[in-house]
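As a basis for the values below, the full set of heavy atoms in this structure was taken, side chains included, without hydrogen atoms, waters or symmetry mates. Atoms within a ligand are numbered from 1 in the order they appear, just like the ligands themselves.
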Amino acid sequence: MDALKQLFYEKSNALAQEVKEILKEHGNKQVDDVQLNQVYGGMRDITSMIWEPSLLDSEEGIRFRGFSIPELREKLPRAPGGKEPLPEGLFWLMLVGEIPTKEQVKWLTENWVRRANVPEHVFRMIDTLPIETHPMTQFSMGVMAMQNTSIFTQRYSSGMNKTEYWDATYEDTMNLIARLPRVAAYIYRRIYHKGEQILPEISMDWGGNFAHMLGMENEGFKEYMRLFLTIHADHEGGNASAHTCHLVGSTLSDPYLSFSASLNALSGPLHGLANQEVIRWVIKMVDTLGTTKPTREQISDYVKSTLASGRVVPGYGHAVLRKPDPRFMAQRQFAEDNVPDSDLVKIVWKIFDVVPPILSSLGKVKNPWPNVDAHSGALLVHYGMKEYNYYTVMFGVSRALGVLAAQCWARALSLPLERPKSVTTAWVKDFLAKEAAVVQG
Ligand code: CMX
């Protein structure tokens with residue numbers, strides 16, 4: 001058994017035992033109260049699932065195993081000469097709850113290199129898709145195409161004991177994460193670079209190698225990629241891509257099937273696709289206004305015209321957060337340190353000044369602040385990656401780290417099939433009528 005797997009085995013065994021005891025003693029304790037608003041309102045804030053890798057606080061933002069993003073940027077191992085964390089380190093942290101050493105991260109990078117071989121049929125399948133197929137659709141299908149290699153599914157059909165589910169899930173998780181950059185980069189080069197593929201560089205870290213296979217050799221881009229892949233990895237369990245992975249996985253669908261479903265959830269414009277929508281919207285603004293240096297007044301008018309046409313301002317608002325997203329702030333800091341003179345980046349900063357008061361003035365938007373998607377496009381364009389339809393694929397590569405670490409935990413804790421209760425509006429009316437009758441009489 002490899003060192004990470006052994007550590008996960010020990011930690012998850014101990015926690016599974018603890019959970020048993022907690023439930024034995026406190027299983028019937030009430031932890032939440034549900035209002036009708038929440039039943040109709042997308043189940044906001046209902047405490048109803050377990051997700052070990054990260055926890056979101058509405059004011060403070062995300063913490064991964066207790067560590068904030070600024071802490072991760074300081075504590076996680078980096079590439080030689082680099083300043084940003086290696087996403088491999090975050091995966092280690094999310095899986096076993098410990099900040100890894102440099103040697104442990106080096107081991108993980110090398111382990112993923114050894115697992116990164118993508119079966120040839122996956123590329124052939126992608127090649128059959130019309131070139132204009134959205135990159136996220138190609139990516140999700142590429143992940144599905146690898147499902148025939150699932151160790152979980154093979155072992156399940158040979159009668160695997162349920163105490164071994166976590167082991168097979170760990171193996172699939174490690175293989176799938178290792179292969180994702182190759183599949184994602186293949187799609188990018190296929191669509192935007194006439195199919196001229198770049199082979200992996202086996203001496204490079206996971207994020208640096210992804211940048212290399214995309215054809216982006218600039219060191220600044222590689223550093224940004226490491227930061228990007230770290231901060232997009234997880235946002236606790238209730239967000240659409242995470243929850244989808246968890247729900248599908250709860251039926252014992254393997255990590256390939258679950259993660260492909262997760263990518264489909266990420267592809268919606270209210271979720272991960274917002275990063276492409278933000279930059280599309282900003283570039284349209286620049287074109288409409290005829291300047292790359294718009295004033296705050298011009299931006300304000302443009303924002304108001306977006307709202308007046310019944311559209312959302314992409315990159316702003318959040319279902320849980322109530323402050324500027326620390327993932328936005330980390331990218332802003334990266335931009336301040338590395339690309340302070342980009343016109344596009346400066347527009348993003350001006351939008352940050354202009355949008356929150358406008359959204360607040362509507363009186364209905366619960367969070368007027370920027371989310372993770374508000375900044376990434378400007379940095380990617382700065383480094384020369386202008387194909388914004390591709391941006392959500394990069395989000396997806398990163399998201400695998402969190403949702404698959406969580407799936408290992410779900411198997412280790414034997415979390416069951418998900419099956420929440422739904423009701424009809426007729427049921428609600430009946431419920432209200434009965435309640436009124438009790439009050440009256
Ligand atoms: N622009 C305009 N209106 C907005 C808005 C925005 N950025 N954010 C919220 N609102 C509106 C909602 O559409 C809703 O209007 P109606 O009552 O008319 O339907 C009202 O404000 C209340 O919404 P809310 O409770 O504040 O927000 P929700 O939890 O329902 O939705 C989110 C959250 C992210 C879908 C929403 O803020 C939004 O659409 N933002 C723009 C898209 C975006 O950036 N998504 C990416 C989120 C991060 C990610 O997952 O990657």
Side-chain angles (χ1 to χ4, degrees), residues 35-46 51 54 56 58-59 61-62 69 136 228-246 262-282 284-285 299-331 348 351-378 380 388 391-403:
Q35 294 174 2
L36 204 46
N37 276 330
Q38 294 169 291
V39 175
Y40 275 96
M43 301 187 280
R44 292 290 183 285
D45 283 339
I46 302 175
W51 192 266
S54 66
L56 181 57
S58 61
E59 301 290 317
I62 192 68
I69 287 176
M136 276 301 272
F228 181 104
L229 294 171
T230 299
I231 62 177
H232 286 77
D234 205 31
H235 217 224
E236 76 172 26
N239 71 78
S241 53
H243 189 198
T244 302
C245 191
H246 183 69
S262 168
L263 287 174
N264 296 343
L266 196 66
S267 303
L270 296 187
H271 191 20
L273 204 78
N275 63 5
Q276 96 170 29
E277 294 304 301
V278 167
I279 202 69
R280 191 208 302 280
W281 179 79
V282 172
K284 183 98 191 294
M285 170 163 69
I299 295 175
S300 172
D301 289 345
Y302 190 76
V303 169
K304 286 176 187 161
S305 73
T306 299
L307 292 170
S309 64
R311 288 174 292 150
V312 294
V313 178
Y316 279 75
H318 198 271
V320 179
L321 281 171
R322 296 296 176 255
K323 285 275 165 66
D325 190 333
R327 301 171 299 175
F328 173 90
M329 299 311 281
Q331 293 178 88
V348 165
I351 294 172
F352 181 31
D353 293 339
V354 169
V355 167
I358 297 177
L359 288 182
S360 295
S361 73
L362 298 179
K364 64 173 183 179
V365 181
K366 295 194 191 67
N367 173 39
W369 300 108
N371 59 56
V372 65
D373 300 311
H375 211 310
S376 45
L380 292 168
Y388 47 76
Y391 293 174
T392 313
V393 172
M394 298 157 102
F395 192 157
V397 171
S398 169
R399 188 49 52 114
L401 300 175
V403 301

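Taking the six-membered ring where tryptophan is involved, the planes of His375 and Phe328 are tilted, since the angle between them lies from 30° to 60°.
The ring pair (Phe, Tyr, Trp, His ring centres under 6.0 Å) search around Tyr302 returns Trp281, not counting sequence neighbours. Partners of His243 according to the ring pair (Phe, Tyr, Trp, His ring centres under 6.0 Å) rule, which considers only residues two or more places apart in sequence or in another chain, do not exist here.
In this structure, the side chains of Gln331 and Asp325 stay at 4.5 Å or more apart for every pair of heavy atoms. Proximity of Arg44 to Asn37: side-chain heavy atoms (C-beta onward) are nowhere separated by under 4.5 Å.
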Please report, to 0.1 Å, the donor-acceptor pairs under 3.5 Å made by any side chain of residues 356-366, with sequence neighbours excluded.
unit_1 : atom_1 : unit_2 : atom_2 : d
Ser360 : OG     : Pro356 : O      : 3.0
Ser361 : OG     : Ile358 : O      : 2.6

Considering only N or O atoms, set out every pair between ligand 1 and the protein closer than 3.5 Å, with distances to one decimal place.
unit_1   : atom_1 : unit_2 : atom_2 : d
ligand 1 : 1 (N)  : Val313 : N      : 2.9
ligand 1 : 7 (N)  : Val313 : O      : 2.9
ligand 1 : 7 (N)  : Tyr316 : O      : 2.7
ligand 1 : 15 (O) : Lys364 : NZ     : 3.4
ligand 1 : 18 (O) : Lys364 : NZ     : 2.8
ligand 1 : 25 (O) : Lys366 : NZ     : 2.8
ligand 1 : 26 (O) : Lys366 : N      : 2.8
ligand 1 : 29 (O) : Arg44  : NE     : 3.1
ligand 1 : 29 (O) : Arg44  : NH2    : 3.0
ligand 1 : 30 (O) : Arg44  : NH2    : 3.2
ligand 1 : 40 (N) : Tyr316 : O      : 2.8
ligand 1 : 44 (O) : Gly315 : N      : 2.8
ligand 1 : 44 (O) : Asn371 : ND2    : 3.0
ligand 1 : 45 (N) : Leu270 : O      : 2.9
ligand 1 : 50 (O) : His271 : ND1    : 2.6
ligand 1 : 51 (O) : His271 : O      : 3.3
ligand 1 : 51 (O) : Asp373 : OD2    : 2.6

